[in-house]
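Below: the structure, in structure tokens.
Atoms within a ligand are numbered from 1 in the order they appear, just like the ligands themselves.
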Amino acid sequence: MIQEMRLCMGEYPDRFAKRKDELEYLYRKLYGDGRWYLDQLEQEMASFDAARSMELKELDKRREANSGWYKDKHMLGVTMYVDLFAGNLLELEEKIPYLKEMGVTYLHLMPILKMPQTDNDGGYAVEDFNLVDSRFGSNGDLENLTRTLRKQGISLCLDFVMNHTSSSHEWAKLAQEGDKEFQLRYLCYPDRTIPDQFEKTVPQVFPGTAPGNFVWSEKMGMWVFKSFYPTQWDLNYRNPVVLNEMIYSMLRLSNLGVEVFRLDAVPYLWKELGTTCRNLPQVHVIIRIIRLVLECVCPSVILKGEVVMAPGELAAYFGTLEKPECHLLYNVSTMVNLWAAMASQDARLLKFQIDDLLSLPSNCDFLNYLRCHDDIGWGLDEDKERQLGIDPLGRKIFLYRFYEGKFPGSYARGELYNYDAISQDARSCGTTASLCGVEAALQSGDKADLEMALRRFMLLYSTMFSLRGFPMISSGDEIGQLNDYSYKKDSGKRNDSRNLHRSGYDWRKARLRHDLRTIEGKVWSGLENLREKRVSTVCFDSDAMVSTWDAQNSHVFALRRMKDGKTLLVVSNFSDFEEQVKFAYFIGEYRDMFSGRLVTPGWGFTLKPLEYLWLEQVGDQKKE
Ligand code: GLC
């Protein structure tokens, strides 16, 4: 016991002492010189440290010694809804062997904290940040699950929806009862004067399904700021109680064994009149404060930012090498560019965009993905598009119509999300398989179309797996699940087309995953192959050199990975036709890791429609 206490005291005070000055400086930057809230925060940090289990403290130490653990090539993520995949947390625990079979090391569960029965935006309207929703189980179940997962080498990621609470959260209820202290935790205004000023500069997230940035509260007789749905009230981070309380909830979840927090909608945290209320400098101060707090109390825990912003805004969320913020960000711009490249059969923008990402410092790590629970928002780099002679609005309209299946010749089956007739903006929904053409091919019964659709699926996945960062699969993709239109019959879901790709996991189909004659088997083994090849070569080590390469063909994307004198050339043909490529710089023979096909890149070779190759250099010829 005494030894345990020494251990706790031995590490926390050191960690805290190293960070105290910066933490206090940043806190004062937001909240001025008063010490009360800062003292309270510091006391609570020490209490959470004291309450942290020895097992988690051991993990903290291991991770401090290996702080880049999440960059490892063995990392493979999956994201899922607990109820749709398994039912509840206990049943999910029983499915761990399946996750192991998939090779998963990182499990992101969609929101599981207490939420209203209906109108909960898929759990993103949280009623209690300290309590698992009884539909999924209890806090004890969560703790047991994280422990079992950890033993199996799987880290659990949970959403931390810190921008807003549900309007039925206790704070919101007290605010509605007229308690001024709790009204100050939100942004409430008695009349339209300030809301109207905000509306002049703040864009809308859901112009179609939940227009405007304010909701009228009849009970309070006030307008309340809401960036998302009317039942999601934005928190007032000018009030230090709000930041403190949210940090305590995060530490409580960390002590239950959560290893990664997905900072939901983090760019929206700070509001300022006359601005877009996105990406303001104070947001970065808040993230940095959170990072410092975690580094003191639970240094094994990392932050993943959900920053769905223009490409130029992303990098700031990593902070700097000296003062890092998020450990990971969703690679949203690559995701969008992959889908854009596939529809347009043009890989030029994708290359430019990946060049930009590869030029970022070494602390900028991305989580790569194709689909998640949200829509695909067509945020391409408009300046780059213009440089390439592409009209940004025209391209966006083409893309969402294409993935809606409305563009002539489109193979995709999907739906629009938040179409805005004035700006002509819209986003796209659908599962990977349906957007790639599997659904349409099954409907028409055309075998050749099905073959092309599956090639598209694997082309996207292979390109995504080859990038810097680690891949994450949206649950259901590993067996090629299609869109689920049943949401239209559910009054609670029908107004949100993102439900199209939030279907129940089909365990009946999953049983076919080892049968290579089935779609499930082809997709499962295709992804398994990518994962196995990724871990089998040093070229995927986290310190490998990665750069794009000019394939001298606008339909083809190419990437070079190098480590310890070995070279891997990844080539992806986004065209429905055969394409010629030539890589003059690459001398000698290369072998495709999947098919064994031999090519000589320097002489040029032909790619089949939608073909991808991971070319390993044969022998040890030097190229440079
Ligand atoms: C994030 C979530 C999305 C949710 C929104 C509001 O963007 O991914 O599903 O609607 O935040 O919380």
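For atom 4 (C) of ligand 1, the closest non-hydrogen atom of the protein is Asp121 OD2, 3.2 Å. Remark: minimum distance from atom 7 (O) of ligand 1 to any protein heavy atom is reached at Glu306 OE2, 2.7 Å.
At a 4.0 Å cut-off, not a single heavy atom of Met162 sits close enough to ligand 1 to count as contact.
Only the side chain of Arg262 comes within 4.0 Å of ligand 1, counting heavy atoms alone; its backbone N, CA, C and O stay farther away.
With respect to Arg502, the salt bridge (charged side-chain N to carboxylate O under 4.0 Å, His left out) criterion is satisfied by exactly one of Asp484, Asp83, Asp374: Asp374.
At a threshold of 4.0 Å, the pair Glu404-Arg401 counts as salt-bridged, since one of the basic side-chain nitrogens sits closer than that to a carboxylate oxygen. Under the 4.0 Å criterion applied to side-chain N and carboxylate O atoms, Lys114 and Asp133 are not assigned as salt-bridge partners.
Near His164, meaning under 4.0 Å from any of its heavy atoms, are these atoms of ligand 1: 6 (C), 12 (O). Distances below 4.0 Å separate heavy atoms of Asp374 from the following atoms of ligand 1: 2 (C), 3 (C), 7 (O), 8 (O), 9 (O). Applying the 4.0 Å criterion to heavy atoms of Gln232 picks out, from ligand 1, the atoms 6 (C), 12 (O). Under a 4.0 Å criterion applied to the non-hydrogen atoms of Phe228, ligand 1 contributes the atoms 5 (C), 6 (C).
Proximity annotation for atom 12 (O) of ligand 1: of Asp264, Val205, Val126, Asn163, Asp264 comes nearest, heavy atoms only.
Judged by distance alone, with hydrogens and angles left aside, the side-chain atoms of Ser344 form a donor-acceptor pair with the main-chain N or O of Ala340 at under 3.5 Å.
By the 4.5 Å heavy-atom criterion applied to side chains, His108 and Tyr369 are not counted as neighbours.
Between the side chains of Arg427 and Tyr419, not a single donor N or O lies within less than 3.5 Å of an accepting N or O. Looking only at atom types and distance, the side chain of Asp506 has no donor-acceptor partner in the side chain of Gln481 under 3.5 Å away.
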